[in-house]
Amino acid sequence: FSSRLQPIKRPEIFIRAAKIAKRKYNNEVNFFICSYGWNKEYLKKLKLLGENKVIWFDNYDQDEREWLLKNSNLIIP
């Protein structure tokens, strides 16, 4: 998931799907959120929803995010 995190984009759907997939595939898959957001409370809620099943990269700069995008399978909302 790579996009500014905001409620209209519904990142919680991605997080819930990641949790289901990790359970189904016995944690043999990984899901990452390499993003940013301005509402720190909203980001905190999303991280709690992820229950450490989603790996967060939220302190990366634009060049680092672009590198990850080029070297990953990704979902763009």
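Residue numbers count from 1 along this sequence.
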Ile33 vs Phe14, side-chain contact (heavy atoms from CB on, under 4.5 Å): CA-CA, chis, key distance, verdict: CA-CA 9 Å; Ile33 292 181; Phe14 171 81; 3.7 Å; yes
Main-chain N/O of Cys34 paired with Arg65 side-chain donor or acceptor, under 3.5 Å: no
Side chains of residues 42-58: which donor-acceptor pairs under 3.5 Å do they make with residues two or more places apart or in other chains?
from, atom 1, to, atom 2, distance (Å)
Lys47, NZ, Asp58, OD2, 2.3
Glu51, OE2, Lys19, NZ, 3.3

Minimum heavy-atom distance between Pro11 and Leu5, given as atom pair plus value: CB-CD2, 3.7 Å
Pairing residues for Glu66 by the salt bridge (charged side-chain N to carboxylate O under 4.0 Å, His left out) criterion, not counting sequence neighbours: none
Polar side-chain atom of Asn26 near backbone of Glu28 as donor-acceptor pair, under 3.5 Å: no
Residues forming a salt bridge (charged side-chain N to carboxylate O under 4.0 Å, His left out) with Lys22, sequence neighbours excluded: none
Verify same cluster id: Tyr60, Trp67 (apolar side-chain graph, 4.5 Å): yes
Contact summary for Asp61 and Asp63, nearest pair of heavy atoms: OD1-N, 3.1 Å
Step-by-step side-chain contact (heavy atoms from CB on, under 4.5 Å) determination, Glu12 to Arg10: CA-CA 5 Å; Glu12 73 277 3; Arg10 307 287 312 270; 2.4 Å; yes
